[in-house]
Amino acid sequence: MNLKVKNISNIGGEVKAPPSKSYSHRAVILASLANGTSKIYNILFSQDVLSSINVCRALGANITKKDDYLEITGTNGKLHNSSEVPIDLGNSGTTLRLMTSIASLADNEVILTGDESLQTRPMEILTESLASLGVNATSINGNGKAPILIKPGYVGGETSILGNVSSQFISSILISAPLSEKGVDLFVLPEFKSRPYVNMTCDIMAKFGVKIKNEFYIRHDDCDKEFKNCRIDEFNIAKQEYKSCDYIVEGDYSSASYLLAAVAIYGGKAKILNLFKDSKQGDKLILDILRQMGAKIEISDDYVEISSEGNLKGIDVNLSNAPDLLITVAILAALANGTTNITGVKHARVKETDRIDTTCRELEKLGCNLKEFEDGMSIEGGIHSGTVDSHKDHRLAMAFSLVGLKHDIEITNGEVFDVSFPNFIEAMAEIGVELELI
């Protein structure tokens, strides 16, 4: 189906940000590993999160949807795979990466697979790091990608992993480590990208009763690099158990970026609820980005207010800790005055698509003058109407719909926003942007 803007009224009003996808995944998984029964409130029931729910059920968690919460009776780390066929995770890279480590805690074999896109996602960095911990996880096709066969056994010990590919590899080891036989000492080698996502993981693990020691050191005492690229992070996770709890999922800054960007692009004033000032989400950076581009931002404890005249300016921005903002910022740049330079997102090339490449190719269809680099792009403001393809990437579909605030735009395969933001059309309508699928 194709997604396009049908009508625009005065932009503004009040809308609740959808629940965080990242926290929803982690809450479901940790509650499923915990001892006792947890209640998870304000969870996001997107396609990706449903993949996590389904695999946790297959491994033994009792998960029941109640009126206003998800009730999960955990396994206390004692997993058993009840699925006689490979567990299909759809398009959820987060579920695949987090659950590959966890599946080794089962007392029988587990095969994790997914759709065609998921089977292009590299997994070797994680499986090689897990091998040092006594985990046997291998690519069935021998190409380092799903389907992944995970055999029983998680000894623990010491391992290292590159920090510049996917923070989810790091989170995967951290989440599973307390349930290993000996605990884990994990060294994250430079450069450490998307650090806020790992901070989120440590934050929610603490809520479920697990303690982590985190230290760092500089490999060379005389290192004078501006970003200390010689820094190595060390995580020490002793053997311990997760404890059940009641948990409220906070709003998602990455999904809210489309609502905030719409106001910034068109002009108007809106209040976005359920966005917390003290959030550990790296995508909270969108507030600083929009402020630098010319919007006015006011931050309260649990909501954000934005106002804009609709005249944005190009900026320089490093998205190394917020790669999911890449396409949103690229669209803002294409609709702004001047040039925007986006750097630090080489790891965005291994998302649902190579997001640097797909974003640049689709912007070029709209007449955008840009330069592509290995870790980002330089975009000169100015585009025209046209038709683009989402490449079945939910963030590309949602971000490119924002072009419709200034120019006619149609996005083929535009229905894929369900992956992370099921009520995207309804939420946009609440601030005056009427979208339609045709």
Side-chain angles (χ1 to χ4, degrees), residues 19-34 37-38 40 43-65 70-121 123 126-127 130 135-140 145-154 166 168-169 171-180 201 204-205 208 242 244 247 249 352 418-420 422:
S20 164
K21 182 162 77 84
S22 296
Y23 272 116
S24 292
H25 276 296
R26 287 159 175 78
V28 167
I29 292 170
L30 296 190
S32 296
L33 293 172
T37 299
S38 302
I40 312 299
I43 194 167
L44 178 72
F45 288 103
S46 69
Q47 290 178 1
D48 275 11
V49 176
L50 289 174
S51 291
S52 287
I53 291 173
N54 291 338
V55 68
C56 287
R57 278 180 173 147
L59 295 180
N62 189 342
I63 304 177
T64 306
K65 187 177 180 181
L70 196 67
E71 184 177 87
I72 302 178
T73 300
T75 61
N76 196 20
K78 298 175 176 62
L79 308 182
H80 177 79
N81 179 22
S82 62
S83 177
E84 296 180 356
V85 297
I87 301 173
D88 188 348
L89 307 179
N91 188 238
S92 183
T94 301
T95 308
L96 175 64
R97 287 165 172 168
L98 297 185
M99 293 304 299
T100 293
S101 300
I102 293 164
S104 68
L105 300 168
D107 60 8
N108 56 343
E109 293 184 351
V110 179
I111 297 177
L112 300 178
T113 189
D115 65 14
E116 184 178 347
S117 173
L118 193 70
Q119 293 184 38
T120 67
R121 312 284 283 274
M123 293 288 290
L126 176 59
T127 56
L130 287 171
V135 174
N136 187 336
T138 57
S139 168
I140 289 177
K145 302 169 184 176
I148 303 293
L149 168 64
I150 306 104
K151 295 186 177 181
Y154 194 148
S166 173
Q168 292 169 357
F169 293 157
S171 291
S172 180
I173 295 174
L174 292 178
I175 289 172
S176 58
L179 301 174
S180 64
T201 297
I204 192 169
M205 287 174 67
F208 281 84
Y242 287 105
S244 60
Y247 186 84
V249 178
E352 282 81 343
D418 274 356
V419 166
S420 62

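Residue numbers run from 1 in the order of the sequence given.
The two atoms that bring P147 and Q119 nearest to each other are CD-OE1, 4.0 Å, heavy atoms only. T75 and L33 make their closest contact through OG1-CA, 3.9 Å (heavy atoms, listed as atom of the first residue, atom of the second, distance). The nearest pair of heavy atoms linking I204 to Y23 is CD1-O, 4.0 Å. In this structure, S20 and L44 approach most closely via the heavy-atom pair O-CB, 4.5 Å. Heavy-atom minimum distance, I53 versus F45: CD1-CE2, 4.1 Å. Considering every non-hydrogen atom in both N91 and R121, the closest pair reads O-NH1, 4.3 Å.
Between T201 and the options S172, S171, S22, a side chain to side chain donor-acceptor pair (under 3.5 Å) holds for only S171.
Contact check for S104 versus L130: no side-chain heavy atoms found under the 4.5 Å cut-off. By the 4.5 Å heavy-atom criterion applied to side chains, I87 and I111 are not counted as neighbours. Residues S101 and L126 have side chains in contact (heavy-atom distance under 4.5 Å, counting atoms from C-beta outward). Between L59 and V110 the shortest side-chain heavy-atom distance falls below 4.5 Å. Between S139 and M123 there is no side-chain heavy-atom pair separated by less than 4.5 Å. Contact check for N54 versus S51: no side-chain heavy atoms found under the 4.5 Å cut-off. D107 has its side chain out of reach of L79: every pair of non-hydrogen atoms, C-beta onward, lies at least 4.5 Å apart. Using a 4.5 Å heavy-atom threshold, the side chains of T127 and T138 count as separate.
In this structure, the separation between CG on L89 and CG on L50 is 12.0 Å, given to the nearest 0.5 Å. In this structure, NZ in K78 is found 9.0 Å from CG in L179, a value given to the nearest 0.5 Å. Atom OH of Y247 sits about 9.5 Å away from atom CZ of R26, to the nearest 0.5 Å. Rounding to the nearest 0.5 Å gives a distance of 11.5 Å between CD1 of I29 and CE of M205.
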Quiz item: Does the side-chain contact (heavy atoms from CB on, under 4.5 Å) test come out yes or no for I40 and I72, once each step is laid out?
Solution: CA-CA 8 Å; I40 312 299; I72 302 178; 4.1 Å; yes

Quiz item: Yes or no on side-chain contact (heavy atoms from CB on, under 4.5 Å) for I150 and E109, after CA distance, side-chain angles and deciding distance?
Solution: CA-CA 6 Å; I150 306 104; E109 293 184 351; over 6 Å; no

Practice problem: Evaluate side-chain contact (heavy atoms from CB on, under 4.5 Å) for Y242 paired with N76, printing each intermediate quantity in order. | Solution: CA-CA 7 Å; Y242 287 105; N76 196 20; over 6 Å; no

Practice problem: Could you go through the side-chain contact (heavy atoms from CB on, under 4.5 Å) check for L70 and T64 one step at a time? | Solution: CA-CA 6 Å; L70 196 67; T64 306; over 6 Å; no

Quiz item: Would T73 and T37 satisfy side-chain hydrogen bond (donor to acceptor under 3.5 Å, both in side chains), going step by step from the backbone distance to the final call?
Solution: CA-CA 4 Å; T73 300; T37 299; 3.0 Å; yes

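Side-chain atoms of S176 and Y154 form a donor-acceptor pair, as typed in the model, at a separation below 3.5 Å. Side chains of T113 and D88: no donor on one and acceptor on the other come within 3.5 Å.
Without hydrogens or angle criteria, N108 side chain to N81 main chain gives a donor-acceptor distance under 3.5 Å. Between the side chain of S244 and the backbone N or O of A34 there is no donor-acceptor pair closer than 3.5 Å.
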Could you pull out all donor-acceptor pairs under 3.5 Å where a side-chain atom in residues 92-100 meets a protein atom, sequence neighbours excluded?
{"unit_1": "S92", "atom_1": "OG", "unit_2": "T95", "atom_2": "N", "d": "3.2"}
{"unit_1": "S92", "atom_1": "OG", "unit_2": "T95", "atom_2": "OG1", "d": "2.6"}
{"unit_1": "T94", "atom_1": "OG1", "unit_2": "Q168", "atom_2": "NE2", "d": "2.9"}
{"unit_1": "T95", "atom_1": "OG1", "unit_2": "S52", "atom_2": "OG", "d": "2.8"}
{"unit_1": "R97", "atom_1": "NH1", "unit_2": "S166", "atom_2": "OG", "d": "3.3"}
{"unit_1": "R97", "atom_1": "NH1", "unit_2": "Q168", "atom_2": "OE1", "d": "3.2"}
{"unit_1": "R97", "atom_1": "NH2", "unit_2": "V350", "atom_2": "O", "d": "3.4"}
{"unit_1": "T100", "atom_1": "OG1", "unit_2": "L96", "atom_2": "O", "d": "2.6"}

